[in-house]
Amino acid sequence: MLIINSIITDKERELLYNKVCEAFDSGEMPEYHEAGTYNRFAKLQITDLKCIDLKTLRKRISTMFNLDEYTLRDPNFGDFISIIKNGGNIQAHIDNYPGYDHFRVNLVLQKPIDSGYTVIDGVEYEVDECDCWGFRPDLKWHSTTPVIGDKDRVSISFGYLKNKNMLIDKYVNIDEHDFSSIIYDNETDTILKYVEYSKELQNKYIVKSDVETPINYTKVPSLQCLTGDHHCYHSLTSIYCYPKRLPSIYYAVALDGFGNMTGGKTFKFEGNVVTTIEEHSHNSVGILWDAIGTIYFNYPNTPNNGKAGTLMALASYGTPNEKMIEAMERYYNKEWFIVPVSMEIFRVNMDQFKLDFNIKIETEVDKLTLAASLQEFTNRKLLSIFKPLKEFTDFVFFSGGVAHNLVSIKYLEDTLGITIFTGFAQGDEGVSLGYALYNNYILNNKEYKPLGYRKPYSEIRPEPMLPYVDIVNDLINNGIVAIYNGSPEIGNRALGHRSFLANPGSKDIKQRLDVLKQRESFRPYGIMILKEDTTQWFTTDIESPYMNKLGTPSKLFIDKFPSLVHIDNTVRVQTITYDLYPEIYLLLTNMKEQLGFAVLINTSLNIDTPMLYKGHSSKVLDMVDNELIKSCYIHGKRFSKQLHRL
């Protein structure tokens, strides 16, 4: 970190400080945000604060810090004003600007007394009024100590970028069944962009970035050979987004829900040495779910039809039947039940399955019993796989399509007394990421870095700031808002970028969401909470950054939000931390200050499809026009029917 003294005069400081306070108090500041009770931020345009020539000041700072190569202005956070009041502070974080070097200079307009110190990589610095400090926020952890007393901490922050002009490897489809690709920066260990289901992209690319077009593609020959294997790639997608440092030895299970590979494998990882300790059946439990759903519940007659979650929710209403479970075991092991290679074979197998299974389903109760038996069968299959690991560990990574079954995960944790961690891309959408991780870490024997691969979005870039106060007011007044912020999530789980967010305290909120999403009433909704509030709302602590866990709600939660508790006394939960979801974290913090609780229903933004919507934002605006919702937030800006067409 570099500190330069007296970069402005006392008179300039006084003019700037008075104008900043006046602009905040009068509401003149554009793009103004409250980040909780104590912190206030506003983006600063060159034409703002006419008491001083900000363009000249910015150039003065660039010259004094020798930033000639940093020719770009930060397009995301830009230049901004920060006011931190008594009790407030900035939490430790690193800013991620893939493709760029980032330099930020902060000018002190008012300094609190003996508090509000700058902290860089754990070291406190005292910077006086009129002075400024510069550093690389993309490389250094930075924060402040809490402000104490009536004297606010007031500063202006200037952001400068330099393009790296780097070459980046693009790892794409591992084979014709793995429909995903990534753009990966080897230098910074960062996923720059993630493309799902891009079957036409069969080659490796080199990517060059420049000022005008951040990413240009140049095709080069495909990879000649592959190392590792499909299930190892699956496992790495969970392992490398784990938020804590890995132990010296750990274990992972990967099980395909549906695919053309073998059923699954159990791995032992010792450093970067990977050992397969067990291979599992070629038969796919996912096909069993598809078969029963197709034949007995009229789900689409296709493999991997996306309705397993519906059947899973229904299972909680029934009681398992041993005769049905025995029939599932018997026919699950038939040779023809191995994963089919085509749609036609799937349908032929389904016809044969219906004849051989020979279970009469005549009433709604029979259907509930069948669904419950299917879930119990799955629980037992997984127990036989996970139980041997209990001898070696009480912590297991889990990936593959079967890892979407949260009911089984909770069953395994409760039965075996273990903890299971899954990532954000359990299915084949994560295989290309796993392949890149395998080649970068395992083959090159590089040390794992926590937090390196945790962002669950298709493009890693700074999030647009959310207007927290406006959103909370809409949640109070209308109950539901649509969020379309930044790049979409990887996989099929809404995690705050393509979400309907709802106030759980709003009247009839579940019924209203069911109508909006055209969703069955028996299906529960997931929630997002602050990680530090977990034990307030649940009976145990939970680590669930990607909404991949079910928790047992506390009495407080049941009393306050009874409609969110599923019939099996569970709630699906996403635990929010600032490092992973800064904007959602600040939104929940603001909600807690206004309503007394930080709990939001978070469900996928669905438009014209039951799957997570990843298309153009215009369709979100159409929902407002058609009065399906009152307001939406697109890349940090609020739109309502009356205003958004102006």
Side-chain angles (χ1 to χ4, degrees), residues 20-45 48 76-91 93 146-147 152-155 157 462-486 496-497 499-506 509 527-530 532-533 576-578 581-602 605 617 620-621 624 629-644 646:
V20 165
C21 293
E22 177 186 332
F24 268 108
D25 292 341
S26 65
E28 292 178 20
M29 290 306 303
E31 300 191 54
Y32 163 75
H33 299 278
E34 286 190 11
T37 301
Y38 312 112
N39 299 353
R40 298 196 292 174
F41 299 89
K43 279 192 177 181
L44 188 62
Q45 307 300 327
D48 295 336
N76 296 294
F77 295 104
D79 304 333
F80 63 84
I81 297 171
S82 167
I83 299 178
I84 304 178
K85 295 182 172 294
N86 181 31
N89 72 299
I90 297 173
Q91 299 194 27
H93 65 287
V147 171
D152 300 342
R153 181 185 189 271
V154 184
S155 61
S157 185
E463 290 183 273
M465 294 176 69
L466 294 174
Y468 320 114
V469 174
D470 289 344
I471 294 175
V472 173
N473 286 337
D474 278 341
L475 289 168
I476 292 171
N477 296 327
N478 304 320
I480 303 170
V481 299
I483 301 292
Y484 184 103
N485 203 41
H497 274 199
S499 293
F500 287 119
L501 299 182
N503 175 6
S506 186
I509 192 64
I527 64 167
M528 48 172 54
I529 63 172
L530 298 173
E532 58 262 34
D533 291 348
I576 301 296
T577 55
Y578 182 85
Y581 305 106
E583 292 303 304
I584 296 297
Y585 183 92
L586 294 173
L587 172 61
L588 284 169
T589 300
N590 194 282
M591 182 180 184
K592 189 174 185 178
E593 291 163 358
Q594 292 196 51
L595 295 178
F597 61 86
V599 179
L600 277 172
I601 300 172
N602 175 25
L605 186 64
S617 62
V620 185
L621 291 174
V624 175
I629 52 177
K630 296 289 186 182
S631 61
C632 64
Y633 291 81
I634 298 176
H635 301 314
K637 297 186 180 297
R638 183 182 188 274
F639 295 89
S640 64
K641 183 176 182 180
Q642 292 78 13
L643 299 176
H644 82 260
L646 297 179

So, do [X] and [Y] sit near enough that their side-chain heavy atoms are less than 4.5 Å apart?
X	Y	result
Leu587	Leu501	yes
Asn477	Lys630	no
Met591	Tyr468	no
Val469	Asn590	yes
Ile629	Phe500	yes
Asn473	Gln594	yes

Determine the sole option in Leu475, Leu595, Ile601, Ile527 for which the side-chain contact (heavy atoms from CB on, under 4.5 Å) test with Pro504 is passed. Ile601
Ring centroid separation His635 to Tyr484 under 6.0 Å: yes
Out of curiosity, [X] [atom1] to [Y] [atom2], how far, rounded to the nearest 0.5 Å?
X	Y	atom1	atom2	value
Leu466	Ile584	CG	CD1	5.5 Å
Gln91	Thr577	CD	OG1	9.5 Å
Ile476	Ile471	CD1	CD1	12.0 Å
Leu588	Leu600	CG	CG	5.0 Å

Please report the closest heavy-atom contact between [X] and [Y], naming both atoms and the distance.
X	Y	result
Ile509	Gly479	CD1-O, 3.8 Å
Gly636	Pro467	O-CD, 3.2 Å
Tyr585	Tyr578	CD1-N, 3.5 Å
Leu621	Cys632	CD2-SG, 3.9 Å
Arg153	Val147	CB-CG2, 3.8 Å
Arg638	Asp474	NE-OD2, 2.8 Å

For Tyr633, ring-ring contact (aromatic ring centres under 6.0 Å, His included) partners two or more places apart: none
Without swapping roles, check the side chain of Asn485 against the backbone of Gly496 for a donor-acceptor pair under 3.5 Å. no
Quick one: does any side-chain atom of Asn503 pair with a main-chain N or O of Gly505 as donor and acceptor, under 3.5 Å? yes
What residues, two or more places apart in sequence or in another chain, satisfy salt bridge (charged side-chain N to carboxylate O under 4.0 Å, His left out) together with Asp470? none
